[in-house]
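Remarks on the structure that follows.
FYI, side chains are in, hydrogens and waters are out, and symmetry mates aren't considered; it's all heavy atoms of this structure.
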Protein chains: 2
Amino acid sequence: MSTATENFVKAIYNNNSHDAHNTKPGNIAKKLGISSAAATDMAKKLAAKDLLNYQKYQELQLTEKGRKMAMNIIRKHRLWEAFLFKMFDMSLHDIHKEAELLEHQTSDLLANKMSEYLGHPKFDPHGDPIPNAHGEITTTDTSFPLSQAAAGNTYIISRLTSDDKEFFEFCAQHKLKYGHEIKVSKQFKNNKMTELSVHNNTILLNEDFTTLIYVNSTK
Amino acid sequence: MSTATENFVKAIYNNNSHDAHNTKPGNIAKKLGISSAAATDMAKKLAAKDLLNYQKYQELQLTEKGRKMAMNIIRKHRLWEAFLFKMFDMSLHDIHKEAELLEHQTSDLLANKMSEYLGHPKFDPHGDPIPNAHGEITTTDTSFPLSQAAAGNTYIISRLTSDDKEFFEFCAQHKLKYGHEIKVSKQFKNNKMTELSVHNNTILLNEDFTTLIYVNSTK
DNA sequence: AAAAATTTTTAAGCTTACTTAAAAATTAAT
DNA sequence: ATTAATTTTTAAGTAAGCTTAAAAATTTTT
């Protein structure tokens, strides 16, 4: 299958997994940087290939076949992220961009070799779970966005879910990294801003970023 | 530039480097598995982009810009070969196939990181020289095809230049590997068949293979 | 419940990278 | 040096993956 198809299916999966149900052609189009018309067109073609269900004006839904394809690509993406992160000194954003391209040109064989070499990791450097060779995610995710964290508590960063360069640069600069501990001191204006301390520095984040940073309670 | 363009330019370069001047559209078409018509079409388009010179019924010639592009892709291909060879236990043919895909989706940054990690190798696992970041090959090649080797002499395998699976399987089976020593015992029928010993086994190869195996004299 | 705003779909058109079939030119053979 | 064989080019057509603009449907606002 083509890169365009794989990215389309992946976008539907990602828009459907943690977020709400924003999988209408327009939403997918925005994510992929193409026109709504192109997305509608593509949706029809992929429906004919049994990768998704398409009904006029309705949300797009992946079929089992489509879900498997999405998981296969996401697995390769996250394995590349983990692999490049281990092998080379590159920024998370650069790693993400390379993975975004390499994922479409990677055989299952090579993906499995990478996984084996890395000791079959369960998470990539952003904290996103890596599906296994059967397209399953075996870890249970109890994390939630930082915007919903309670003041006074301590948390561990479990995911950084973005593909925005500025976001990653900000995270790198302030040591907001996967696995690191943070303490939330205050939530302002109905959780639109969050004050927290990381490595003894206090920073104030607004909603744009706190919805991208997922955390787990330190029980 | 697209994968099709990169492969086209690469094919011209490869057909022009050690072999003769078989760079007419038909030759390139055969190499790429497309029709002659498609190759002629492509040649015109790439001429318009100043990647090659096209004149009806003549050999295609890369411009300096085209040559640079070819070297850039070949560099990435060979770095991937060297990298995958070092990292994973995969057949030369599988490695070649992965490299063939990955080369088009690899940034200069990542290529340089791989080169650095490998200690800036001068050759890939087939013995082909790896161009540097400026698109130059600094090693001087004194090798020649086994078909032209003299009976009675000993040689070192310097290159295995093919992308045919059977060829690589044959080489692996008979320990015909880059750097290994062989002794030519006889040349038959105007060099159409070559008898040689490798690791104390005698084998008789025909021209199809002896033109793909390059060797250096052991002076 | 209309009217207004937004979104989705349809329609027409474009580029890339191919195809096949026929015409034109080159190359090889007698 | 013609003729025959081969190769290259031209011409017409296709599929994928987009675009913009207008029509149709849905959603939101009042």
Output the rounded distance in Å from [atom1] ([X]) to [atom2] ([N]).
X     : N      : atom1 : atom2 : value
A:E59 : C:dT9  : CD    : C1'   : 16 Å
B:K45 : C:dA17 : NZ    : P     : 6 Å
B:K56 : C:dT26 : NZ    : P     : 9 Å
B:K24 : C:dT26 : NZ    : P     : 9 Å
B:K49 : C:dT16 : NZ    : C1'   : 9 Å
A:K30 : C:dT6  : NZ    : P     : 11 Å
A:Y57 : C:dT10 : OH    : C1'   : 9 Å
B:E6  : C:dT16 : CD    : P     : 15 Å

Fill in: Neighbour count >12 (heavy atoms, 6.0 Å) for atom CZ, B:F85
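It does not: B:F85 CZ has 12 such atoms or fewer within range.
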Per [X] side chain, nearest of listed nucleotides [options]:
X     : options               : answer
A:A38 : D:dT9, D:dT19, C:dT19 : D:dT19
A:A37 : D:dT9, D:dT20, C:dT16 : D:dT20
B:T40 : C:dT9, D:dT19, D:dT9  : D:dT9

Practice prompt. Tell me what A:A4 touches on the nucleic acid: a base, only sugar-phosphate, or nothing, going by heavy atoms under 4.0 Å.
Written response: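 Sugar-phosphate contact only.
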Worksheet item: When we call it a touch if two heavy atoms are under 4.0 Å apart, what does B:F8 touch: a base, just sugar-phosphate, or nothing?
Response: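 Contact class for B:F8: none.
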Worksheet item: How about A:Y54 and A:F8: are their ring centroids closer than 6.0 Å?
Response: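 No - the distance between ring centres of A:Y54 and A:F8 does not fall below the 6.0 Å cut-off.
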Worksheet item: Shortest non-hydrogen contact from A:F167 to A:S162?
Response: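 Result for this residue pair: CD2-CB, 3.4 Å.
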Fill in: 5' precedence on DNA chain C between A:D41 and B:D41 (nearest-nucleotide basis)
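Result: A:D41.
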Discussion item. Less than 4.0 angstrom between a side-chain N/O of A:S36 and OP1 or OP2 of C:dT7, yes or no?
Written reply: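 It does not, given that no N or O in the side chain of A:S36 lies less than 4.0 Å from OP1 or OP2 of C:dT7.
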Worksheet item: Counting just side-chain N and O atoms, does A:T5 come under 4.0 Å of either OP1 or OP2 of D:dA16?
Response: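 For D:dA16, OP1/OP2 do not have a side-chain N/O of A:T5 under 4.0 Å.
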Worksheet item: Is it true that B:K76 and B:D108 make a salt bridge, defined as a side-chain N closer than 4.0 Å to a carboxylate O?
Response: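 Salt bridge present between B:K76 and B:D108.
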Discussion item. For B:E81, is there an ion pair with B:R78 - N to carboxylate O distance below 4.0 angstrom?
Written reply: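 Salt bridge absent between B:R78 and B:E81.
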Practice prompt. Report the base-pairing partner of D:dA11 (Watson-Crick or G-U wobble, both distances below 3.5 angstrom), or none.
Written response: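 D:dA11 is paired with C:dT20.
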Discussion item. Both A:S35 and B:Q58 contact DNA chain D. Which one's nearest nucleotide lies toward the 5' end?
Written reply: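 Between the two, 5'-proximity favours B:Q58.
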